[in-house]
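Below, each value reflects all heavy atoms present in this structure, side chains not excepted, and no hydrogens, waters or symmetry copies. Keep in mind it's a predicted model, so treat the numbers as computed, not measured.
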Amino acid sequence: MKKRLAVINDVPVLVELRKKQLIDEGLPSVSYIDTDIDVQLTDYFTSTIGDGSFISWVMENDGEIIATSGLCFYSLPPNFSNPAGRTAYVTNIYTKPEYRRKGIAAELLNMVIDEANSRGYKVIRLHTSEYGKSIYERAGFADTDGYMALRL
């Protein structure tokens, strides 16, 4: 197996694996499952990989991407615990079912943590499903339980 940074040519695979991740995590409700988000995902990955505000470490087996990770970079207003406001957000940690329980997701997670650290980020955030929670806890993430959303 080989790990590497995703490039623009990987966008179609990132789109497909992102949709599988969302379905596996149960995020889309039945009313949204048929929503076509390919164009939006393609635009997102193309522009953010292109401008460096998103990176993805991927794992390949025989040239096939079998697992992904993602790290978004953004800024929030500074606060006492993060005076610079610079924040890294972990997303898109997904491994194809037949490759799970082999430490691949943990390895990719460590890669994105190292990437954020090497770029000087002091805060890494994420939201997780119950399915993935233990991997993040083992890596040192703490559950703050403060995520709220308003759908407009």
Thinking salt bridges, do D114 and R119 make one under a 4.0 Å N-O criterion?
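Salt bridge: no.
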Side chain to side chain donor-acceptor pair (under 3.5 Å) with [X]: which residues, sequence neighbours excluded?
X: R125; answer: none
X: E137; answer: none
X: K122; answer: none

[X] side chain to [Y] main-chain N or O, any donor-acceptor pair under 3.5 Å?
X: D10; Y: V7; result: yes
X: R4; Y: V58; result: no
X: S56; Y: S69; result: yes

For residues 38-49, which residue pairs qualify under side chain to side chain donor-acceptor pair (under 3.5 Å), counting only residues two or more places apart or in two chains?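 For residues 38-49: K19-D38.
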To the nearest 0.5 Å, tell me how far [X] [atom1] sits from [Y] [atom2].
X: R100; Y: T95; atom1: CZ; atom2: OG1; answer: 6.5 Å
X: N92; Y: L17; atom1: CG; atom2: CG; answer: 9.0 Å
X: I65; Y: K2; atom1: CD1; atom2: NZ; answer: 10.0 Å

Residue set satisfying ring-ring contact (aromatic ring centres under 6.0 Å, His included) with F45, at least two apart, ordered chain then number -> F54
Residues pairing under salt bridge (Lys or Arg N to Asp or Glu O under 4.0 Å) where one sits in residues 63-72, two or more places apart or in two chains, turn out to be E64-K96
| said: Quick test of your reading: applying salt bridge (Lys or Arg N to Asp or Glu O under 4.0 Å), list the pairs with at least one residue in residues 68-78, sequence neighbours left out, ordered by first then second residue. | reply: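 Non-adjacent pairs meeting salt bridge (Lys or Arg N to Asp or Glu O under 4.0 Å): zero.
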Tracing side-chain contacts under 4.5 Å among Ile, Leu, Val, Met, Phe, Trp and Tyr outward from F80 reaches none
Excluding L5, membership of its hydrophobic cluster (Ile, Leu, Val, Met, Phe, Trp, Tyr; side-chain heavy atoms within less than 4.5 Å) reads M1, I55, W57, M59, I66, L71, F73, V90, I93, Y99, I104, L108, L109, M111, V112, I113, Y121, I124, L126, I135, Y136, F141
For residues 3-25, the ring-ring contact (aromatic ring centres under 6.0 Å, His included) pairs (sequence neighbours left out) are none
Does anything in residues 101-120 form a ring-ring contact (aromatic ring centres under 6.0 Å, His included)? List the pairs, not counting sequence neighbours.
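Found none.
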Under 4.5 Å between side-chain heavy atoms, counting indirect links through other Ile/Leu/Val/Met/Phe/Trp/Tyr residues: same cluster for I8 and V15 or not? yes
- [ ] Check whether any side-chain heavy atom of R18 lies under 4.5 Å from a side-chain heavy atom of T91, and answer yes or no.
- [x] yes
Side chain to side chain contact (heavy atoms under 4.5 Å, CB included) between L76 and V123, worked out: CA-CA 11 Å; L76 293 171; V123 176; over 6 Å; no
Heavy-atom count around D62 CG within 6.0 Å, excluding the residue itself: above 12?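 It does not: D62 CG has 12 such atoms or fewer within range.
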The salt bridge (Lys or Arg N to Asp or Glu O under 4.0 Å) partners of K20 (sequence neighbours excluded) come to none
Nearest heavy-atom contact between P83 and P78 is O-CB, 2.9 Å
Residues R86 and G120: closest non-hydrogen pair is NH1-O, 3.4 Å
